[in-house]
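Read the structure below first, then the notes.
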Amino acid sequence: IPPKLTYVPWYLMSNSGCTAVEFHDGIIEINDCAFENSSLSGELVLPPNLKYIAGSAFARSKISSIIFPESLTMFDVDNGRIFEGCIYLTGVLELPKNVAVIPYACFSGCSSITGLVIPENVEIIKQRAFAGCSSIVSIVCKATEPPVLAEDAFDGVSKDNCTLEVPKGCVEAYRRA
């Protein structure tokens with residue numbers, strides 16, 4: 001990515017055999033479908049000054065883990081599906097600390113994620129955000145107020161085989177939500 005660009009262009013590596021990318025520190029935005037259906041694999045280290053990721057940016061890529069920068073404040077809430085179908089994404093996924101809304105189908109179909117850490121700033125989890133994430137067995141939610149959940153936000157996650165950890169003193173608020 002040229003050093004003068006502050007964004008990753010639309011469809012830059014979409015449907016490509018690209019297996020790795022190194023972002024420079026000046027990147028603040030990753031646009032729609034930039035790496036969709038690409039062979040991008042391994043750990044995805046997002047740039048340290050990134051503020052926004054657009055719809056389907058990494059959908060159906062082969063990434064196995066994600067390092068989110070603290071600068072990230074917004075996912076595309078209109079188009080969502082940012083990491084949809086990333087079946088190689090494994091382990092516990094720590095969501096970005098400063099994002100308030102997890103958009104539509106953001107991680108849907110990421111069937112190898114085993115756990116989630118939802119930071120205290122997340123206020124809304126939209127439709128199908130984690131649908132089909134069938135390997136999730138633990139969720140840690142750090143917010144004292146439960147996020148507003150779409151009814152189908154966790155479709156396909158076994159409620160009988162998943163534990164939810166919430167801050168001490170907040171269990172009743174979560175039960176009522």
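This one's a predicted model, so the numbers in the text were calculated from it and none came from an experiment.
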Minimum heavy-atom distance Ser71-Pro47, with the two atoms named: OG-O, 4.4 Å

Minimum heavy-atom distance Ala150-Lys126, with the two atoms named: CB-C, 3.5 Å

Say you draw a straight line from [atom1] of [X] to [atom2] of [Y]; how long is it, rounded to the nearest 0.5 Å?
| X | Y | atom1 | atom2 | answer |
| --- | --- | --- | --- | --- |
| Ile66 | Glu94 | CD1 | CD | 11.5 Å |
| Leu40 | Lys62 | CG | NZ | 10.5 Å |
| Ser14 | Asn31 | OG | CG | 12.5 Å |
| Ile102 | Leu116 | CD1 | CG | 9.0 Å |
| Leu50 | Ile30 | CG | CD1 | 4.5 Å |
| Glu36 | Ile82 | CD | CD1 | 12.0 Å |

Contact list for residues 48-67, test ring pair (Phe, Tyr, Trp, His ring centres under 6.0 Å), sequence neighbours left out: Phe35-Phe58, Phe58-Phe83

Answer with yes or no whether the hydrophobic clustering places [X] together with [Y]; edges join I, L, V, M, F, W, Y residues whose side-chain heavy atoms lie under 4.5 Å apart.
| X | Y | result |
| --- | --- | --- |
| Leu89 | Met13 | yes |
| Met74 | Tyr104 | no |
| Leu44 | Ile28 | no |
| Trp10 | Ile27 | yes |
| Val8 | Val21 | yes |

A quick test of your reading: do over 12 heavy atoms of other residues, nucleotides or ligands sit less than 6.0 Å from [atom1] of [X]?
| X | atom1 | value |
| --- | --- | --- |
| Lys168 | NZ | no |
| Glu43 | CD | yes |
| Phe23 | CZ | yes |

Please confirm whether the backbone N or O of [Y] pairs with a side-chain atom of [X], one donor and one acceptor, at under 3.5 Å?
| X | Y | value |
| --- | --- | --- |
| Asp152 | Gln127 | no |
| His24 | Leu5 | yes |
| Asn98 | Leu72 | no |
| Ser38 | Ser16 | no |
| Ser56 | Asp32 | no |

By salt bridge (charged side-chain N to carboxylate O under 4.0 Å, His left out) - contacts of Glu84 (at least two apart): Arg60, Arg81

Residues Val140, Val92; criterion side chain to side chain contact (heavy atoms under 4.5 Å, CB included); working and verdict: CA-CA 10 Å; Val140 175; Val92 176; over 6 Å; no

Residues Leu93, Ile136; criterion side chain to side chain contact (heavy atoms under 4.5 Å, CB included); working and verdict: CA-CA 10 Å; Leu93 178 65; Ile136 292 178; over 6 Å; no

Val77 vs Ile124, side chain to side chain contact (heavy atoms under 4.5 Å, CB included): CA-CA, chis, key distance, verdict: CA-CA 11 Å; Val77 295; Ile124 299 169; over 6 Å; no

Derivation of the side chain to side chain contact (heavy atoms under 4.5 Å, CB included) call for Tyr174 and Cys141: CA-CA 10 Å; Tyr174 276 81; Cys141 195; 3.1 Å; yes

Phe107 vs Leu95 side-chain heavy atoms within contact, under 4.5 Å: yes

Within-4.5 Å side-chain heavy-atom neighbours: Cys162 and Phe154: no

